[in-house]
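Beneath this line is the structure, given in structure tokens, with notes to follow.
For the numbers below, each heavy atom of this structure counts, side chains included, while hydrogens, waters and symmetry mates do not.
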Amino acid sequence: MQLSILSFQEDRPVVLSDLRFFITEAAHYVMALNFQQEFELSYIDLNAKPNGKAGIVGLKLIRDSRKTMHPKIYDHLALINISSVCAATIYTNGKEKVNKEKSNYPSNAELMVTDACMDDYEHFKKNMLPVSRQFLLRPLYTEWNTILTAFNFFLMDGVWEAVMFIASFIAKHQKEGCVSHLQIFDQIATQDFYAMLCASMENLLHHRYPLSKESLKLDL
């Protein structure tokens, strides 16, 4: 079975007024909110990527270099990486269609959108390798398990609402060059969706961790 089918699309010119770039960074931020015990969320760099690449420079995270890297941390990073693909797919196709079609993954993943997200996808695969090795599982199986975990999270109550709100917020602040974590968090903490977002984050952490060989397997 082919497990790495993705809908590769041609690169488009960088148009930073296009909301999708801000949506993918908002998705990185929302996923990273789950892991604040391991990372310090600093700011989102809103400057264009160098060398004509599509998108913006993006979310900046800080982690104490003296702390040991272990599979759980790599898993956190992988989930943050793949969030852009999830967000681009949901933004392009809509929540209802993605929620229905994701049941066909991984045998048929033509719906998935990787346009301007390939760097994230490659980083995702690299970060999943230590997890696969730790639990002696095939990388493609752990990758798809993690992709589906990320999609399920963004389809939970309050999560996509948070992504869209944050994307709009950072787009309005584009000319400032960056938006801090505190600026964003102060805004979302007062929104109607915030309680649902918190419940969905708790749900993700409860079902994902501790990592185990059983929970990382892919049911085919």
Under the criterion ring pair (Phe, Tyr, Trp, His ring centres under 6.0 Å), I'd like the reasoning laid out for Tyr105 against Phe151: C-alpha separation, chi angles, the key distance, then a yes or no. CA-CA 11 Å; Tyr105 298 167; Phe151 267 111; 5.7 Å; yes

Side chain to side chain contact (heavy atoms under 4.5 Å, CB included) evaluation trace for Phe135 with Tyr141: CA-CA 11 Å; Phe135 294 98; Tyr141 278 50; over 6 Å; no

Between His173 and Phe169, is a ring pair (Phe, Tyr, Trp, His ring centres under 6.0 Å) present by the stated rule, with each step listed? CA-CA 7 Å; His173 290 77; Phe169 179 77; 4.3 Å; yes

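Checking Glu96 against Asn99 by side-chain atom types alone, no donor-acceptor pair falls below 3.5 Å. Side-chain contact, Arg208 with Thr146: a donor N or O sits under 3.5 Å from an acceptor N or O. Side chain to side chain, Asn81 and Lys125 fail the donor-acceptor criterion of an N or O pair below 3.5 Å. A donor atom on one side chain and an acceptor atom on the other are found under 3.5 Å apart for Asn203 and His207. A side-chain donor from one of Asp120 and His28 sits under 3.5 Å from a side-chain acceptor of the other.
Considering all non-hydrogen atoms of both residues, Thr24 and Cys117 come closest at CG2-SG, 4.3 Å. Between Phe154 and Ala27 the shortest heavy-atom distance is CZ-O, 3.6 Å. Residues Ile170 and Glu25 approach most closely at CD1-CB, 4.4 Å, considering heavy atoms. Nearest heavy atom pair, residue Ala116 against residue Phe21, reads CB-CE2, 4.0 Å. The nearest pair of heavy atoms linking Asn34 to Val30 is ND2-O, 3.7 Å. Nearest heavy atoms, Met31 versus Leu204: SD-CD2, 4.0 Å.
Distance alone, capped at 3.5 Å, is enough to place a donor-acceptor pair between the Asn145 side chain and the Ser215 backbone. One N or O on the side chain of Ser200 and one on the backbone of Asp157 form a donor-acceptor pair closer than 3.5 Å. Panel note: side chain Asn51, backbone Lys53; no donor-acceptor pair is recorded below 3.5 Å. A donor-acceptor pair under 3.5 Å links the side-chain atoms of Asn152 to the main chain of Leu148, judged by distance alone. Within the 3.5 Å criterion, the main-chain N or O of Thr89 finds no donor-acceptor partner in the side chain of Thr92. Of the possible polar contacts, one joining the Gln183 side chain to the Ser180 backbone as a donor-acceptor pair under 3.5 Å is found.
For the pair Glu202/Leu197, no side-chain contact is recorded, criterion being any heavy-atom separation below 4.5 Å from C-beta on. With contacts defined as side-chain heavy-atom distances shorter than 4.5 Å, the pair Arg63/Ile73 qualifies. Residues Gln174 and Phe22 meet the side-chain proximity criterion, which asks for heavy atoms closer than 4.5 Å. Residues Tyr74 and Gln134 have side chains not in contact (no heavy-atom distance under 4.5 Å, counting atoms from C-beta outward). In this structure, the side chains of Lys97 and Leu111 come closer than 4.5 Å at one or more pairs of heavy atoms. With contacts defined as side-chain heavy-atom distances shorter than 4.5 Å, the pair Ile184/Tyr43 does not qualify. The shortest distance between side-chain heavy atoms of Gln36 and Leu41 falls below 4.5 Å. Leu61 places none of its side-chain heavy atoms less than 4.5 Å from the side chain of Glu38.
Linking ILVMFWY side-chain heavy atoms closer than 4.5 Å, directly or via other members, places Leu33 and Leu205 in a single hydrophobic cluster. Residues Val159 and Leu155 are members of one and the same hydrophobic cluster, defined by side-chain heavy-atom contacts under 4.5 angstrom among Ile, Leu, Val, Met, Phe, Trp and Tyr. Both Leu211 and Phe39 belong to a single network of hydrophobic side chains, linked directly or stepwise wherever heavy atoms of I, L, V, M, F, W or Y lie under 4.5 Å apart. In the hydrophobic clustering of ILVMFWY residues, with side-chain heavy atoms under 4.5 Å counting as a link, Tyr91 and Phe193 come out together. Follow the hydrophobic side-chain contacts under 4.5 Å out from Val57 and you never reach Leu46; the two are in separate clusters.
Summarising the geometry, atom OG1 belonging to Thr68 is positioned 7.0 Å from atom NE2 belonging to His70; distances are rounded to the nearest 0.5 Å. Here the CZ-SG distance, from Phe153 to Cys86, works out to 10.5 Å after rounding to the nearest 0.5 Å. Here the straight-line distance linking atom CZ of Phe165 with atom CD1 of Ile188 works out to 8.0 Å at 0.5 Å rounding. For the atom pair OG (Ser212) and CG (Leu216), the distance works out to 6.0 Å, reported to the nearest 0.5 Å. Considering NE2 of His181 and CG of Leu59, their distance stands at 10.0 Å, rounded to 0.5 Å. Distance check, rounded to the nearest 0.5 Å: SG of Cys198 to CE of Met196 gives 10.5 Å.
The number of heavy atoms from other shown groups lying within 6.0 Å of CG (Asp192) does not exceed 12. Other residues, nucleotides and ligands place no more than 12 heavy atoms under 6.0 Å from the NZ atom of Lys100. Other residues, nucleotides and ligands place no more than 12 heavy atoms under 6.0 Å from the CD atom of Glu214.
Under the 6.0 Å cut-off for aromatic ring centres, His76 and Tyr209 qualify, their centroids lying closer than that.
When each of Ile82, Leu77, Leu79 is paired with Phe124, the side-chain contact (heavy atoms from CB on, under 4.5 Å) condition holds for Ile82 and for no other.
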